Amino acid sequence: MLMPKRVKHRKLMRGRLKGLAYRGSQISFGTYGLQAMESQYVTSRQIEAARRAVVRYIRRGGKLWIRIFPDRPVTKRAAETRMGSGKGSVDHWVAPVRPGRVLFEMAGIREDLAREAFRLAAHKLPMRTQFIAREEHSA
């Protein structure tokens with residue numbers, strides 16, 4: 001499970017996801033990518049499930065990059081506790097994702113294999129996604 005080794009603040013305020021992703025919205029490493037189309041928090045379990053789905057499908061071919069990291073703590077109160085007595089302890093970690101963010105990238109395999117692998121991965125994620133390919137610059 002992905003999580004940070006250490007953080008500056010143990011518990012954060014919730015905030016809200018608004019706006020578009022400007023950073024991390026282009027393919028940087030691979031040839032094909034999976035891009036988010038909605039705002040959502042993606043948990044470390046969902047990232048790992050999507051990664052396993054891709055790796056299982058492409059078997060031993062290609063290379064995969066994960067472009068998001070769950071560095072935001074989500075707290076949860078114990079079940080059946082009374083109100084008050086402070087904020088709950090950290091339950092899990094999430095990665096805030098905004099529309100346009102590239103979640104995964106892949107290189108070294110054919111486009112049809114990459115498209116199917118990302119389709120399987122998209123089923124594990126809580127938002128709508130789209131398959132994108134790096135556009136070749138011919139100058």
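Since the structure is predicted, the reported quantities are computational estimates derived from the model, not experimental observations.
Transitive grouping of hydrophobic side chains (ILVMFWY, heavy atoms separated by less than 4.5 Å) keeps V102 and V97 in distinct clusters. Hydrophobic clustering, with ILVMFWY side chains joined whenever heavy atoms are under 4.5 angstrom apart, groups V55 together with L113. I132 and I66 fall into different hydrophobic clusters, defined by Ile, Leu, Val, Met, Phe, Trp and Tyr side-chain heavy atoms under 4.5 Å apart, directly or through other members. V54 and I109 fall within a single hydrophobic cluster, where Ile, Leu, Val, Met, Phe, Trp and Tyr are joined by side-chain heavy atoms under 4.5 Å apart, directly or via other members. Under the 4.5 Å side-chain heavy-atom criterion for grouping Ile, Leu, Val, Met, Phe, Trp and Tyr, M127 is not connected to Y41 through any hydrophobic cluster.
Here the straight-line distance linking atom NZ of K11 with atom OG of S89 works out to 6.5 Å at 0.5 Å rounding. Remark: L2 CG to R51 CZ distance equals 8.5 Å, nearest 0.5 Å. Here the straight-line distance linking atom OG of S25 with atom CZ of R101 works out to 8.5 Å at 0.5 Å rounding. To the nearest 0.5 Å, atoms CG (L120) and CD1 (I58) are separated by 11.0 Å.
You'll find the side chain of V7 stays beyond 4.5 Å of the side chain of D71, heavy atoms only. By the 4.5 Å heavy-atom criterion applied to side chains, L125 and F104 are counted as neighbours. Between D91 and V74 the shortest side-chain heavy-atom distance does not fall below 4.5 Å.
G30 approaches W65 most closely through the heavy-atom pair CA-CZ3, 3.6 Å. Pairing each heavy atom of L12 with each of P73, the nearest pair is CD1-CD, 3.7 Å. What you find for P99 and G19 is that their closest heavy atoms are CD-O, 3.5 Å. Taking every heavy atom of both residues into account, P126 and Q40 meet most closely at CG-CG, 3.5 Å.
Aromatic ring orientation, F118 versus F131: tilted (interplanar angle from 30° to 60°).
When each of E105, M106, E135, Q35 is paired with I27, the side-chain contact (heavy atoms from CB on, under 4.5 Å) condition holds for E105 and for no other.
Shown here is R77, whose CZ atom has more than 12 heavy atoms of other residues, nucleotides or ligands within 6.0 Å. Within 6.0 Å of atom CD in E38, more than 12 heavy atoms from other residues, nucleotides or ligands are found, so the atom counts as buried in its surroundings. More than 12 heavy-atom neighbours from other residues, nucleotides or ligands sit within 6.0 angstrom of NZ on K87. Around atom NE2 of H123, more than 12 heavy atoms belonging to other residues, nucleotides or ligands sit under 6.0 Å away.
The pair R45-E48 fails the salt-bridge criterion, with no side-chain N (NZ, NE, NH1 or NH2) lying under 4.0 Å from an Asp/Glu carboxylate O.
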